[in-house]
Amino acid sequence: MQLLKGKPVADGIREKTAVLAAKLLEKDIVPTLGILRVGANESDLAYENSAVKAAGAVGVHVEKYIMPADSKEDDVLDVLKVMNEDDSIHGIMIFRPLPASMDEELIRNHILPQKDIDGISDASLGGLFTGDYRGFPPCTAEAAMTILDFYGIDLAGRRAVVIGRSLVVGKPLAMMLLERDAAVTVCHSKVAREKTEALCREADIVISAAGRLKTMGAAHTNPAQVIIDVGINFDDEGKMCGDVDAEAVYDKVAALTPVPGGVGGVTTALLMYHVALAAQAAAAENY
Ligand code: NAP
């Protein structure tokens, strides 16, 4: 079985980003990511620290906009307006979920498409259907597709199953695979496990984004299958694992992304690349 490691994929993206950032710096432009965080939950803080590190490594600057957990929705919208109007901020990332009192849909749709580097607004997501991109595609879905391309896995005319139908991962992935001429099936929690197993057994490519341990086992596989494991879960001992029971499928499929070491690092690398691209586009508009 081939292990489809994310590192060489992410390294290539990081290199492209660093080159672009250096070119922009020659014009006194520093690609800048604005992070909007409401409250201080532990996983947001951990992700923020790793994003700051990842940004620094490729010449992307980070500006943090931190608001107390009991902020009002209008205050968040005001800060977002400032970020939208500030020409020195090229990309905007909002930590979600936002506090339950806030209308997340309203807030995510206030990000200007050209600054929506993780493709969370309806305007950005609409591009997945029409091909008319005003923003960027969601980084996690793009990361899964980038890994498939990097390892030369053909998609046209092949059967692909996506497990999960969230707006962040599953649905964008289904559209991206369709755009690349795959025959796409989407499974989710309302599809009986036996049915999902049978559909996956027929699939050349399975992308699992359910966020549940052991969503996929040996019964989902065939020997020619390629699996991209998007899930991030933790087992009883606190060890990070994907959706796939890696031990059970190890000698039963052709290729699998590891967790950790697969999709996650590519997602972060793409996020920074999008910031550099947004800065480049903004610079082109201003000259
Ligand atoms: P989500 O919003 O919770 O969506 C999960 C989806 O999986 C839902 O559509 C759900 O179905 C479906 N599902 C849940 N249990 C299932 C099961 N047993 N069988 C089949 N389908 C099932 O999660 P998400 O935001 O899409 O994220 C999915 C996973 O990807 C999570 O583990 C998350 O941590 C991970 N993730 C990884 C990265 C990365 O960079 N590697 C980035 C983002 C997210 P229903 O629609 O019917 O509820």
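Whatever order the structure lists ligands and atoms in, that order sets their numbers, starting from 1.
- With atom 21 (N) of ligand 1 as the reference point, the heavy atom nearest to it among His188, Arg193, Lys214, Met216 is part of His188.
- Close N/O approach between Thr215 and ligand 1 is not found [any backbone or side-chain N/O within under 3.5 Å].
- Minimum heavy-atom separation, Ala282 to His90: CB-CD2, 4.2 Å.
- When the options Asp118, Val168, Ile232 are ranked by their closest heavy atom to atom 34 (O) of ligand 1, first place goes to Ile232.
- When the heavy-atom distances from atom 26 (O) of ligand 1 to Ser208, Gly6, Pro138, Ser166 are ranked, the shortest goes to Ser166.
- Among all non-hydrogen protein atoms, the one lying nearest atom 31 (C) of ligand 1 is Gly211 CA, 3.5 Å.
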Quiz item: Does the salt bridge (charged side-chain N to carboxylate O under 4.0 Å, His left out) test come out yes or no for Asp11 and Arg14, once each step is laid out?
Solution: CA-CA 5 Å; Asp11 282 347; Arg14 281 191 282 264; 2.8 Å; yes
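- Enclosure of atom CD in Gln2 by more than 12 non-hydrogen atoms of other residues, nucleotides or ligands within 6.0 angstrom is indicated.
- Side chain to side chain, Ser121 and Asn109 fail the donor-acceptor criterion of an N or O pair below 3.5 Å.
- Other residues, nucleotides and ligands contribute more than 12 heavy atoms inside 6.0 Å of the CZ atom of Arg158.
- In the model, Ser124 has a side-chain atom that pairs as donor or acceptor with a side-chain atom of Asp116 under 3.5 Å.
- Residue Val169 has no nitrogen or oxygen atom sitting less than 3.5 Å from a nitrogen or oxygen atom of ligand 1, judged on distance alone.
- The nearest protein atom to atom 28 (C) of ligand 1, hydrogens excluded, is given as Ala209 O, 3.4 Å; this is a heavy-atom distance.
- Counting only heavy atoms of the protein, atom 12 (C) of ligand 1 lies nearest to Gly164 CA, 3.9 Å.
- Under the 4.0 Å criterion applied to side-chain N and carboxylate O atoms, Lys214 and Asp243 are not assigned as salt-bridge partners.
- In terms of protein heavy-atom proximity, atom 36 (N) of ligand 1 is closest to Val230 O, 3.8 Å.
- Against a heavy-atom cut-off of under 4.0 Å, Gly264 is close to the following atoms of ligand 1: 40 (O), 41 (N).
- With ligand atoms numbered from 1 in the order given, ligand 1 contributes 39 (C), 40 (O) to contacts under 4.0 Å with heavy atoms of Thr267.
- Looking at every heavy atom in both residues, Gln225 comes nearest to Ala203 through NE2-O, 3.4 Å.
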Tabulate below the donor-acceptor pairs under 3.5 Å that side-chain atoms of residues 265-274 make, not counting sequence neighbours, or state none.
from: Thr267; atom 1: OG1; to: Val263; atom 2: O; distance (Å): 3.0
from: Thr268; atom 1: OG1; to: Gly264; atom 2: O; distance (Å): 3.3
from: His274; atom 1: ND1; to: Ile117; atom 2: O; distance (Å): 2.7
from: His274; atom 1: NE2; to: Glu142; atom 2: OE1; distance (Å): 2.7

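- The pair Arg108-Glu104 does not count as a salt bridge, with every side-chain nitrogen at least 4.0 angstrom from each carboxylate oxygen.
- In this structure Val19 satisfies the side chain to side chain contact (heavy atoms under 4.5 Å, CB included) test with no other residue, sequence neighbours excluded.
- Not a single heavy atom of Gly170 sits under 4.0 Å from any atom of ligand 1.
- Using a 4.0 Å threshold on non-hydrogen atoms, atom 45 (P) of ligand 1 counts as touching the protein.
- Nearest to atom 14 (C) of ligand 1 among the protein's heavy atoms is Ala210 O, 3.7 Å.
- Considering only non-hydrogen protein atoms, atom 8 (C) of ligand 1 sits nearest to Arg165 N, 3.9 Å.
- Numbered from 1 in the order shown, with element, the atoms of ligand 1 that lie under 4.0 Å from a heavy atom of Ile163 read 20 (C), 21 (N).
- For atom 48 (O) of ligand 1, the nearest protein heavy atom (residue, atom name, distance) is Ser189 OG, 3.5 Å.
- The protein heavy atom nearest to atom 43 (C) of ligand 1 is Thr140 OG1, 3.5 Å.
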